[in-house]
Amino acid sequence: MHSSKDEIEGDEELAASSGSGVSRGRRYSPVVAHDNDRAVLEMSSIDPRSSSSTQDHKKVKVNIQQDVDSEGSIPNHSVNGPQRESKLELFGFDSLVNILGLKSMTGDQIQAPPSPRDGGNVSITLERPRPTAVKSGTLMGVFVPCLQNIMGIIYYIRFSWIVGMAGIGESLLLVAFCGSCTFLTTISLSAIATNGAMKGGGPYYLIGRALGPEVGVSIGLCFFLGNAVAGAMYVLGAVETFLDAVPAAGILRETVTKVNGTNIAEPITRPSLHDLQIYGIVVTILLCFIVFGGVKMINRVAPAFLVPVLLSLMCIFTGILLARHDRPAVGITGLSVKSFKENWGPAYQRTSNAGIPDPNGKIYWSFNALVGLFFPAVTGIMAGSNRSASLKDTQRSIPVGTLAATLTTSGLYLVSVLIFGSVATRDKLLTDRLLTATIAWPFPAIVYVGIILSTLGAALQSLTGAPRLLAAIANDDILPVLNYFKVVDGSEPHAATFFTAFLCIGCVVIGNLDLISPTITMFYLLCYAGVNLSCFLLDLLDAPSWRPRWKFHHWSISLVGALLCVVIMFLISWSFTVVSLALASLIYYYVSIKGKAGDWGDGFKSAYFQLALRSLRSLGASQVHPKNWYPIPLIFCRPWGKLPENVPCHPKLADFANCMKKKGRGMSIFISIIDGDYHERAEDAKAACKQLSTYIDYKNCEGVAEIVVAPNMSEGFRGIVQTMGLGNLKPNIIVMRYPEIWRRENLTEIPATFVGIINDCVVANKAVVIVKGLDEWPNEYQRQYGTIDLYWIVRDGGLMLLLSQLLLTKDSFEGCKIQVFCIAEEDSDAEGLKADVKKFLYDLRMQAEVIVISMKSWEGQGEQQESIEAFSAAQHRIASYLAEMKERAERDKTPLMADGKPVVVNEQQVEKFLYTTLKLNSTILKYSRMAAVVFVSLPPPPANHPAFFYMEYMDLLVENVPRLLIVRGYRRDVVTLFT
């Protein structure tokens with residue numbers, strides 16, 4: 001029967017919307033970009049995000065392929081369930097919960113199907129699920145791998161020697177001490193592993209997602225080194241066991257005839273260091289060939305490696321129960337209370353490199369040194385988490401399997417301490433490194449075979465696991481230097497395997513198992529500490545997403561586990577500890593500088609968030625003391641003119657924002673407004689915000705970007721100034737460019753908008769800084785000389801003085817000097833005013849020259865010719881504008897109207913304002929024509945005056961001044977005289 005087909009035809013039209021933030025109908029002149037401004041040139045190369053455009057009508061087709069039952073009929077299925085009348089049409093087709101949407105919540109990059117609303121073809125096929133790969137359970141997936149990795153070479157060829165050196169009492173303490181470290185780490189691992197789905201990388205993935213990419217990569221690389229070095233340890237253990245079992249295979253042999261300076265009856269023959277090196281290199285190369293040619297085969301037969309281990313353990317314990325005095329060898333006492341008592345205390349002494357007691361030996365053993373030697377015998381708890389991708393249920397298998405393996409091996413070690421200490425004399429324990437093979441029943445060969453197969457299997461696991469760990473770190477694309485080790489999903493990491501083999505061979509050349517073991521210990525302990533710290537941080541922060549299924553955890557347990565790891569590191573060797581921590585720190589520093597930024601939702605981000613919330617609450621809503629006042633500028637990016645394409649903010653505004661911070665401390669908010677309807681322009685706003693954020697980072701500005709969609713600029717800014725910020729972290733200074741082009745381009749809507757913004761700032765109690773001559777503002781590399789002149793006319797809380805001091809902290813203005821100009825009403829007041837201002841500046845710790853200008857000298861001075869011309873032109877334009885208003889009012893029989901509201905014009909007051917600005921402009925041109933930058937107080941817009949008049953006042957004030965900052969403070973002090 002053919003599959004049924006339904007055609008769903010839907011017609012949708014999306015309104016065309018422009019990607020720019022400038023409303024239609026306005027004519028803006030472009031701001032000329034300087035050739036030496038890299039910001040404009042380089043940012044122009046960024047591809048713009050395509051804006052929404054009108055779409056054609058499209059047909060949407062849904063193909064449903066249904067299974068046919070045995071009778072040839074179609075089962076009663078529909079796309080989302082049984083065929084019935086839908087009650088969920090309100091939610092929309094693409095809003096229904098589906099498996100793709102659920103998987104996407106776990107972080108899987110799954111392409112969701114398009115919906116009819118998107119105008120694309122939708123094809124949904126209902127078929128029987130494909131058979132998936134066989135998944136492992138708790139036993140074979142976690143318990144067996146952990147048991148294989150924990151039960152290794154140390155137990156077979158070093159454990160009895162450790163009991164002889166430390167005694168039974170301190171050996172029990174040693175096992176409990178090291179076992180408690182891995183037990184606490186297992187609890188932390190269980191909590192993190194059950195808090196969500198896991199990907200490849202094992203502990204690196206867990207630590208990186210909990211503590212951030214920098215910490216994850218640094219600890220992950222150290223863990224990789226630990227695994228690579230562990231492969232060398234397993235190879236040396238297998239070779240040493242083989243040479244002990246087959247002495248004739250040795251090329252060079254060492255014979256020991258004295259123990260503690262006393263001749264012994266039977267010489268002890270030990271493998272030569274060169275034999276270990278030669279055979280070790282050969283075995284490592286052979287293992288590498290096996291890894292390249294049969295990794296899948298090794299994984300399939302990996303459980304078989306456990307059989308020799310279990311069989312050898314049975315033989316060892318059987319031999320202990322059957323042992324008698326001097327049988328099967330001299331020094332064997334059988335299970336004896338006398339041997340137990342004699343071996344209870346420690347016998348720390350010097351030994352040769354081979355571990356034979358020697359008063360002139362180079363190595364002195366202590367409890368701390370034995371911790372470093374024994375600790376690799378309790379590692380391997382990460383084997384289950386490394387196989388998370390092949391587990392049926394990671395959130396159940398990892399905690400249960402790992403804890404079971406940890407407790408099983410710890411119990412075995414504790415029992416073995418008691419048995420080994422009771423079955424042989426101390427001399428036998430210290431001289432027979434393969435005591436386990438000596439007492440094994442029925443013959444030692446079983447133990448030799450078990451040791452060799454178990455260690456070779458562990459070495460194969462290291463040579464297959466370590467490269468995959470390195471490839472997982474490389475695939476996260478954090479460090480560019482690791483790109484050589486990237487692999488495609490499903491491919492073998494050949495480059496990483498070569499590198500791992502190189503490291504393994506280098507450690508094999510060392511040839512001393514006792515020197516390699518502490519190195520592994522440091523790297524493993526560093527990884528375990530990272531796991532404990534991850535759980536501690538996540539548990540302490542207790543974010544809403546922290547909901548592990550493993551309930552037996554607490555932040556104090558994880559903290560104790562982390563501290564225990566650090567204590568063990570220093571107990572083993574403070575020098576090795578310092579080197580390993582320094583290596584991890586160097587990697588961390590390198591990743592933080594060279595690494596690519598990645599947001600993995602780590603615990604540090606949650607900690608920063610909670611710290612920010614707590615700090616915000618502690619700041620409260622009351623006013624900040626002047627000693628703690630920081631400028632939080634709101635940079636109004638939307639220009640009065642047009643910028644080059646793909647440059648969302650004037651480059652000089654970003655440079656100026658940096659000038660308002662002391663040593664880069666502080667935060668700026670870069671804001672832009674897009675005209676239009678929010679529903680239509682929401683996507684454009686997101687794209688513009690992303691572009692602005694990128695530009696801020698490019699200009700090295702400490703700040704955030706915000707884009708607001710509003711019907712017009714005035715309404716958008718009014719909403720911003722009311723709602724932007726939280727508590728005392730609201731912006732306190734509004735920074736924008738002076739609209740120099742409004743008359744040249746005849747942009748008649750700018751005066752009302754400009755005046756409205758200033759009035760909104762006054763009402764909202766925000767300071768205002770208006771930059772005139774922004775195109776000429778210097779960047780960080782352009783040094784300025786001369787003076788910074790302040791025309792301090794009105795009380796502004798010291799904002800103008802503070803901004804001038806902040807300018808001096810920048811390299812561009814550090815060679816300038818500050819001049820403060822004050823205006824006195826009478827000549828007699830000039831000297832007193834000058835003295836008061838000097839004393840005030842001295843108390844503020846500010847160096848500046850004070851110049852007082854009296855009103856009388858102001859009246860007598862001659863105006864600059866260019867100021868007279870500008871004054872006359874302004875008078876003419878104001879008279880013409882006033883005449884038009886009166887004519888319109890008489891024609892419409894209405895009061896005088898301007899900008900949509902009634903105004904009252906006092907012509908004498910208008911003349912007075914014009915004259916005041918003329919005098920101030922003439923004074924600035926007379927004293928500050930060569931100044932690096934000029935500060936002047938911002939006059940407030942007069943009430944009931946047209947915005948056109950205020951723009952004329954301002955234009956006359958700034959006429960012919962190349963670089964001017966117009967400043968208005970707010971109703972509070974930002975500087976203080978007191979300490």
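- The only option from Val709, Asn712, Ile720 that meets the side chain to side chain contact (heavy atoms under 4.5 Å, CB included) definition with Ile673 turns out to be Ile720.
- Annotation: salt bridge (Lys or Arg N to Asp or Glu O under 4.0 Å) contacts involving residues 757-772, sequence neighbours excluded, comprise Arg718-Asp760.
- Here the OG-CD1 distance, from Ser672 to Ile635, works out to 12.5 Å after rounding to the nearest 0.5 Å.
- Shown here are the ring-ring contact (aromatic ring centres under 6.0 Å, His included) partners of Tyr678, two or more places apart in sequence or in another chain: there are none.
- Taking CD from Gln782 and CD from Glu776, the interatomic distance works out to 9.0 Å, rounded to the nearest 0.5 Å.
- From Lys686, atom NZ reaches atom CD1 of Ile707 across 13.5 Å, with rounding to the nearest 0.5 Å.
- Take Gln875 and apply the side chain to side chain donor-acceptor pair (under 3.5 Å) test, not counting sequence neighbours, and it matches Glu911.
- No option in Leu692, Val735, Leu653 other than Leu692 meets the side chain to side chain contact (heavy atoms under 4.5 Å, CB included) test with Phe670.
- Rounding to the nearest 0.5 Å places CG of Asn960 at 11.0 Å from CD1 of Ile924.
- Counting only residues at least two apart or in different chains, ring pair (Phe, Tyr, Trp, His ring centres under 6.0 Å) contacts with residues 700-727 comprise Phe636-Phe717.
- Partners of Glu907 according to the salt bridge (Lys or Arg N to Asp or Glu O under 4.0 Å) rule, which considers only residues two or more places apart in sequence or in another chain, are Lys886.
- Scored by the side chain to side chain donor-acceptor pair (under 3.5 Å) test, Gln784 finds Arg963 as partners (sequence neighbours excluded).
- A distance of 11.0 Å separates CE in Met736 from CG in Leu634, rounded to the nearest 0.5 Å.
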